[in-house]
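Here's the structure we're looking at; comments come further down.
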Amino acid sequence: MNFLYPQNVISIIYLNHTNTGWKHRATFNMEITQSIKEAVAKAVSELYQHEVQESEVQVTPTRKEFEGDYTVLVFPFTRAAKKAPPVLAEELGNYLTENVDDIAGFNVIKGFLNLVISEAYWAKFLLSVAAQEDYGKHASNGKKAVVEYSSPNTNKPLHLGHIRNILLGWSMSQIFDAAGYEVKRVQIINDRGVHICKSMLAWQKYGEGNTPESLGKKGDHLVGEYYVVYNNEEKEQRAALEAAGDCDGEPQILQEAREMLRKWEANDPETRKLWATMNGWVYAGFNETYKNLGVSFDKLYYESETYLLGKDMIEKGLDKGVFYKESDGSVWTDLTDAKLDKKIVLRSDGTSVYLTQDLGTAQLRYEDYHMDKSIYVVGDEQDYHFNVLFELLKRLGESYADGLYHLSYGMVELPSGKMKSREGTVVDADDLMQEVVSIAREESLERGDVSGLTGERQEEAWRRIGMAALKFHMIRVTPRKKMLFDPKESVDIQGQSGPFVQYSYVRTKSVLAKAGDWDIDISAYQTPQPQEKELLTIIRKYPDTILEAAKNYDPSLIANYAYELAKSYNKFFHDVPILRAETEAGKGFRLTLTQVVGRVLTSALDLLGIEVPERM
RNA sequence: GGUCUCGUAGCUCAGCUGGAUAGAGCAGCUGACUUCUAAUCAGCAGGUCGCAGGUUCGAGUCCUGCCGGGAUCACCA
């Protein structure tokens, strides 16, 4: 931070500004589009005696091939005004030019009213942004959001699919934070069940007492290997049974796994001890992976502690008529009127199912946090489940039901086909991260040593670059779409990529470092270039983009925004001299612009969980 | 079969509540480093927005139907 614009500088500008016209507004409104909307609404009201909402007025940046900065669409008002679009546009244009101080002129093409913003506006806007250290972030709205993500099973290490989940979850939580929410990050750990017992059993049979320490291996990987061992064994036994003509028989090892689960549920000390030990190995491994991914959690829920929850909600639902009892004692719900089917919620022996458990955990979470929004980051194969879950909570009359959202994302596919964790054909999260960083290292070395960094600092830069490539690549795709994961493209560091955005940031830092300290009055700068206007137009969108991303639960909007800004800065950087600007005011303007761009890029990348390197 | 979801350039993806001649990147071809970082910039080439109707001043965007891919419709989680 080289300097801060004191508030009074801006006040002086306001003062000059108000002397010359726009009487409806006492202070300079940073939001030029908002001013335009208000003025258009007012104009339509005054000129044609027709009330319109500001939100009905569409203002967009003018397309490059036309003259002007912002464009108003007049089509929506033609009926009320009873005028042809060009005539109406002409009249509105005159009104706006006369009444809005920052509008210097206009032109009309068909029904499009292109407004030309005054040259003085841009410096004012830039100053107002520069005065805000955390520009783009919204003040607290007093609401609370809980984001649940990752939610792994403890029988295998994290893989590519989890990475998409984790990155989306983390980014979403960052975005909600920036949008003004108080955010809590949680995960529910699926730490019990037959699948957990399977790896326990295989380790017990074939593990020979090996531990992560004795083998020097990450705990989650070790446990995952025994899960594969189990599945291979089961497959062999099944094949043997079929060869013997017994197609309905159950493999011995599966029966043993079931038996182990029974013991676990009966609190058998031996089984519980093994379970605790092996889960401990897995947690240590997960924590390492989470740390490398740069994510964290405020609270962990363990399924072993929550899987019996939800029964009291069944009671409540029976009273309300949401559920009904079958003759065998099982409890069901009928959601056919909501295009959902009949679902069981309690077995005839009184035990609960997945759905029941989730009803209970939703309740528990609300008791813990009293959140306004609860976001579940879970793959789209569970769309149906969440539809049912949310519908039930609504019917049960839970106050928090409206704030529930399933952030559903598509499967990650590999060029070679689907991943199957049972068969071991997965892209391991740890391997992938390592790979991506080592490619960043190679690429960097190939380019020669331009960064000037050495040792640990260089290693850290490579790590950030590699991780940026991976993260950006996964977040830039709209969540609901399934995505093809091409390993080659994921480590791409040019074009539409994380490192591309980082590079722009590094450039801003480099220029600012060369500039040293400066203190220049930029309000005299009256000749903004097209490249500068474009950058400022993009910068203006940042706060809106954050809200949009939160509203749509879509981090990809931020990724695409960051790319757009970086691209625009690169062009500016190439075309326009900064340190050797024609005038002092110009130099100050461009340095300030550079500083603001650097800040917004860092901020946007931070929302994606991406860190910036100091050099590259 | 029911429900949901996706279909935009050779490939991977944008396209905000409907708005002007549908945009990027990669791959291909061509230019630009004695200059604030060329991990960059500029240009060329590449598209019946799955198909057919409808709504409207205007549809890639909304509605209906079809075609194709995926998911789901467990007393598993």
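Note on naming: letters A, B, ... go to the chains in the order of the sequence lines (proteins, then strands), and numbering restarts at 1 for each one.
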Would you tabulate the pairs of protein nitrogen or oxygen atoms and nucleotide nitrogen or oxygen atoms of nucleotides 72-77 of chain B closer than 3.5 angstrom?
from: B:C73; atom 1: O2'; to: A:D341; atom 2: OD2; distance (Å): 2.6
from: B:C75; atom 1: N4; to: A:D328; atom 2: OD2; distance (Å): 3.4
from: B:C76; atom 1: OP2; to: A:R347; atom 2: NE; distance (Å): 2.7
from: B:C76; atom 1: OP2; to: A:R347; atom 2: NH2; distance (Å): 2.5
from: B:A77; atom 1: OP2; to: A:Y354; atom 2: N; distance (Å): 3.1
from: B:A77; atom 1: O3'; to: A:E303; atom 2: OE1; distance (Å): 3.3
from: B:A77; atom 1: O3'; to: A:E303; atom 2: OE2; distance (Å): 2.4

If you restrict it to nitrogen or oxygen atoms, what contacts under 3.5 Å exist between nucleotides 61-64 of chain B and the protein, and what is each distance?
none

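A gap of 15 Å separates the C1' atoms of B:A24 and B:A42, to the nearest Å. Nucleotides B:C6 and B:C44 have their P atoms positioned 34 Å apart, rounded to a whole Å. Rounded to whole Å, the separation between the P atoms of B:U64 and B:G69 comes to 22 Å. B:G68 and B:G50 are spaced 16 Å apart, taking the P atom of each and rounding to whole Å. Comparing B:C62 with B:G2, their C1' atoms are spaced 25 Å from each other, to the whole Å. The separation of B:G70 from B:G31, taken at their P atoms, amounts to 45 Å, rounded to a whole angstrom. With both ends at atom P, the span from B:G43 to B:G7 equals 29 Å, rounded to whole Å. B:A9 and B:A77 have their C1' atoms separated by 42 Å, with the value rounded to a whole Å.
With hydrogens and angles left out, the side-chain atoms of A:Y230 and A:E234 include a donor and acceptor closer than 3.5 Å. In summary, the side chains of A:T62 and A:D69 do not present any donor paired with an acceptor at a separation below 3.5 Å, with no hydrogens or angles considered.
Between A:E56 and A:K37 there is no salt bridge, since no side-chain N of the basic residue sits under 4.0 Å from a carboxylate O of the acidic one.
For the pair A:M616 CE and B:A38 C1', the interatomic distance rounds to 13 Å; values are reported in whole Å. Taking atom CD on A:Q502 and atom C1' on B:U37, their separation rounds to 14 Å, with Å as the unit. In this structure, CG of A:L414 is placed 16 Å from P of B:G70, rounded to the nearest angstrom. In this entry the distance linking NE2 of A:H473 with P of B:A14 reads 11 Å, nearest Å. For the pair A:K567 NZ and B:G15 P, the computed distance is 17 Å after rounding to whole Å. In this entry the distance linking CZ of A:R476 with P of B:G15 reads 11 Å, nearest Å. In this structure, CG of A:L335 is placed 15 Å from C1' of B:G2, rounded to the nearest angstrom. Atoms CG (A:D486) and P (B:A27) sit 12 Å apart, rounded to a whole Å.
With sequence neighbours left out, the ring pair (Phe, Tyr, Trp, His ring centres under 6.0 Å) criterion links A:H195 to no other residue. Applying the side chain to side chain contact (heavy atoms under 4.5 Å, CB included) rule to A:V506 yields the partners A:P613, A:M616; only residues at least two apart in sequence or on another chain are considered. Residues forming a ring pair (Phe, Tyr, Trp, His ring centres under 6.0 Å) with A:Y542 (at least two apart in sequence, or on another chain): A:Y561. For A:D328, the side chain to side chain contact (heavy atoms under 4.5 Å, CB included) partners at least two apart in sequence or on another chain are A:E326, A:S330, A:S348. A:Y525 pairs by the ring pair (Phe, Tyr, Trp, His ring centres under 6.0 Å) definition with A:F589, not counting sequence neighbours. In this structure A:S504 satisfies the side-chain hydrogen bond (donor to acceptor under 3.5 Å, both in side chains) test together with A:N570, sequence neighbours excluded.
Which of B:A71, B:G69, B:U37 sits closest to the side chain of A:K482 comes down to B:G69. For A:F500, whose side chain is taken as the heavy atoms from C-beta onward, the closest listed nucleotide among B:U12, B:U40, B:C36 is B:U40. Considering only the side chain of A:K481, B:U8 comes nearest among B:A24, B:U8, B:C4. Listed nucleotides B:C36, B:G25, B:A38 differ in distance to A:Y563; the shortest reach to its side chain belongs to B:G25. Each of B:C4, B:C36, B:U37 was ranked by its minimum atom distance to the side chain of A:D383; first place goes to B:C4. Listed candidates were B:A39, B:C57, B:G15. Nearest to the side chain of A:S444 is B:A39.
As judged by a 4.0 angstrom heavy-atom cut-off over every strand, A:V576 is placed among the base-contacting residues. Contacts of A:P85 with the nucleic acid, taken as non-hydrogen atoms under 4.0 Å apart, are absent. Using a 4.0 Å heavy-atom cutoff across all strands shown, A:I465 reaches at least one base atom of the nucleic acid.
The number of heavy atoms from other shown groups lying within 6.0 Å of CD (A:Q255) is above 12.
In this model, the phosphate group of B:A38 is approached by a side-chain N or O of A:R507 to a distance below 4.0 Å at OP1 or OP2. Between A:R580 and B:C36, a side-chain N or O to OP1/OP2 separation shorter than 4.0 Å is absent. For B:U40, the OP1/OP2 oxygens have no side-chain nitrogen or oxygen of A:S504 closer than 4.0 Å.
Counting only residues at least two apart or on different chains, the ring pair (Phe, Tyr, Trp, His ring centres under 6.0 Å) pairs with a member in residues 473-503 of chain A are A:H473-A:F485, A:F500-A:Y563. The salt bridge (Lys or Arg N to Asp or Glu O under 4.0 Å) pairs that include a residue from residues 330-352 of chain A are A:D337-A:R395, where partners are two or more places apart or lie in different chains.
Annotated as syn: B:C33, whose glycosidic dihedral is within 90° of 0.
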Quiz item: What is the per-nucleotide protein-contact pattern of nucleotides 17-23 of chain B, from the 5' end, where B denotes a base atom under 4.0 Å from a protein heavy atom, S denotes such proximity for sugar-phosphate atoms only, and - denotes neither?
Solution: --BBS-S
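With the nearest nucleotide of RNA chain B identified for both A:R480 and A:D575, A:R480 has the one nearer the 5' end.
Base-pairing analysis of RNA chain B finds the following stems of at least three consecutive Watson-Crick or G-U pairs, with both pairing distances under 3.5 Å: B:1-7 with B:67-73, B:10-13 with B:23-26, B:28-32 with B:40-44, B:50-54 with B:62-66.
In terms of modelled atom types and a separation under 3.5 Å, the side chain of A:H50 and the main chain of A:A81 share no donor-acceptor contact. Listed for the A:R615 side chain is no donor-acceptor partner under 3.5 Å among the backbone atoms of A:L453. Between the side chain of A:N107 and the main chain of A:E67, a donor-acceptor pair closer than 3.5 Å is present.
Under the 30°/60° scheme for interplanar angles, the aromatic rings of A:Y307 and A:W264 are found to be tilted.
If you look at A:Y405 and A:Y376, their ring centroids are not closer than 6.0 Å.
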